[in-house]
Protein chains: 2
Amino acid sequence: MEAEGLIAHDVLAVVLRMSPSSPEVLLWRRAREPHEGRWALPGGRLGATEDVEVSVRRHLAEKVDLAEVAHVEQLSVFSDPHRGPAPRRVATAFLGLVPSDADPAVPDDTAWHPVDALPETAFDHGEITRVGLDRLRAKLSYTNIGFALAPEVFSISELRGLYTAALGHRVSATNLQRVLTRRGVLVPTGTTAAPGPSGGRPAALFRFSEHRLRVTDPFATLRPPDATRDC
Amino acid sequence: MEAEGLIAHDVLAVVLRMSPSSPEVLLWRRAREPHEGRWALPGGRLGATEDVEVSVRRHLAEKVDLAEVAHVEQLSVFSDPHRGPAPRRVATAFLGLVPSDADPAVPDDTAWHPVDALPETAFDHGEITRVGLDRLRAKLSYTNIGFALAPEVFSISELRGLYTAALGHRVSATNLQRVLTRRGVLVPTGTTAAPGPSGGRPAALFRFSEHRLRVTDPFATLRPPDATRDC
DNA sequence: GGTGTTTTCGACCAACAGGCGAAAACCTCG
DNA sequence: CGAGGTTTTCGCCTGTTGGTCGAAAACACC
């Protein structure tokens, strides 16, 4: 039992990346008990002088180059007393996103796994991964979070592929471009990409106007009356 | 310093209720150091055999009748090492909502305070309250969370008052009714209320179709293609 | 029955998302 | 150099939603 109610606090990160066809999560293979050999999310103990946001970045840096992680946000607390073998652990989970063009070096024990075919995971890490993907899917529709999945510059087709992989259903390129440009999150660079090997019209290249999460509020109904589009 | 990284974990609850004109939060006056005399959110230590959801309900029950709290959801983790005097504390904050017609009995040290005129609060509880109100405001526009603010049955005018108080700006009764009924969250009871003392047409009474939180998804853009309105 | 008050409902308008097909811009091959 | 194939882009149409306004409905009081 925990002395005087003191509890070990962990931080965990669901780091997602869109492979051409499906989302992948970064997992590492545990070398020690408990759950030796199972795959686990990056993370570790909360340190005495750091908050959870700082802590998760510190632990993440051991598994992946932090510069490649374009966005990190808090997900939820997992505290079921039976979420793992004793001693009891409470974890604050985060969502991290890596752009599709980044292929950061990872340690030998670490690898990307498609989220729809997860191996046996340690603790409740499979469930936590699911929560992370759900959060990403929700935010794709009402925020500019796509910036964290896409390369610096990209064509609409590439972006459509990323959205399709993340959402798990077809996405119309026409509609995607229109929605994102109307919200002002997408800006044309003026340049075009070289056509593919089988020809075709060269694709115009775009970039995200902002690389920090912003809610593109038309999702907010029941707006204030006059409303000259405040944020 | 925490032995071996073990840390005290607290749960806190931002319990909100809409007074006729403005949102109020439930606070209690601390009788002991630290921060003796300041106003604090309900909460306390996470127990050894409970998860945070169970724990926050247990602590909440000491300050207010749990049957009156219509909705509870996790907000965020607050873990700044300097969020309060030593020893270090990490807190999982929750949002709780009490319907406007409920006036639960509270202990002598506990009272409702308008959130736009908070007294001096303990720790970072003022900031946490702000986060709770922001969450409520966001969810009012794309969920049925109003059920947790309203009485069992109510008129559109009453509901408009609640939304106005929560959002801090005028809300059109016409639009409110249309949006909520179209989403299927509002259903007419068939009954009408007695007119007020100064006359007027008697108001039709409504109830929420569901008393559990549900996302009323038209907020989700980039829907699946065929989409015969799944949930 | 008239006046005042409150609620309700219909109509209009603007913004937005989704879909379709034609046109544009490129390739390769004959 | 023109024809056919490929990919992207753009314009148009449609249905839905949110916001607003004003008229009509339903009541109390005088």
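The sequence lines fix the lettering, A, B, ..., with proteins before strands; numbering per chain opens at 1.
- L180(A) places its CG atom 14 Å from the C1' atom of dG18(C), with the value rounded to the nearest Å.
- For dT9(D), neither phosphate oxygen OP1 nor OP2 lies less than 4.0 angstrom from any side-chain nitrogen or oxygen of R160(A).
- Atom-to-atom, CD1 of I156(B) to P of dA26(D) comes out at 17 Å; the value is rounded to the nearest Å.
- Residue whose closest nucleotide on DNA chain C sits further toward the 5' end, between V179(A) and P202(A): V179(A).
- When the options V15(B), T121(B), V115(B) are evaluated for a side-chain contact (heavy atoms from CB on, under 4.5 Å) with V25(B), the one that passes is V115(B).
- Put simply, CG on L205(A) is 17 Å from P on dT7(D), counting in whole angstrom units.
- Ranking dT20(D), dT9(D), dT17(D) by closeness to the A204(A) side chain, first place goes to dT9(D).
- Proximity note for S198(A) (side chain, C-beta onward) versus dT5(C), dT6(D), dA17(C): the nearest is dT6(D).
- Within the 4.5 Å cutoff, side-chain heavy atoms of L75(A) are placed close to those of R135(A).
- Distance from the side chain of P195(B) is smallest for dC27(D) among the nucleotides dT17(D), dG22(D), dC27(D).
- One interatomic measurement links the two molecules: CZ of R183(B) to P of dT17(D), which rounds to 9 Å at whole-angstrom precision.
- As a whole-Å value, the separation of E158(B) CD from dT8(C) P is 11 Å.
- Contacts of S157(A) with the nucleic acid, taken as non-hydrogen atoms under 4.0 Å apart, involve only primed sugar atoms and P, OP1 or OP2.
- Going from atom CZ of R170(A) over to atom C1' of dA17(C) covers 19 Å, rounded to whole Å.
- Between H113(B) and W39(B), the distance from one ring center to the other falls under 6.0 angstrom.
- Side-chain nitrogen and oxygen atoms of Q177(A) include none within less than 4.0 Å of the OP1 or OP2 phosphate oxygen of dT8(D).
- Of the candidate nucleotides dT8(D), dA17(C), dT20(D), dT8(D) has the atom lying nearest to any side-chain atom of R201(A).
- The side chain of T174(B) has dG22(D) as its nearest neighbour among dG11(D), dT5(C), dG22(D).
- Rounded to whole Å, atom P of dC16(C) lies 16 Å from atom CG of L176(A).
- One donor-acceptor pair, N or O on each side, does fall under 3.5 Å between the base of dA17(C) and the side chain of R178(A).
- In this structure, CZ of F154(B) is placed 15 Å from C1' of dT7(C), rounded to the nearest angstrom.
- Residues F208(A) and F154(A) bring their aromatic ring centres within 6.0 Å.
- Listed for the D10(B) side chain is no donor-acceptor partner under 3.5 Å among the backbone atoms of L46(B).
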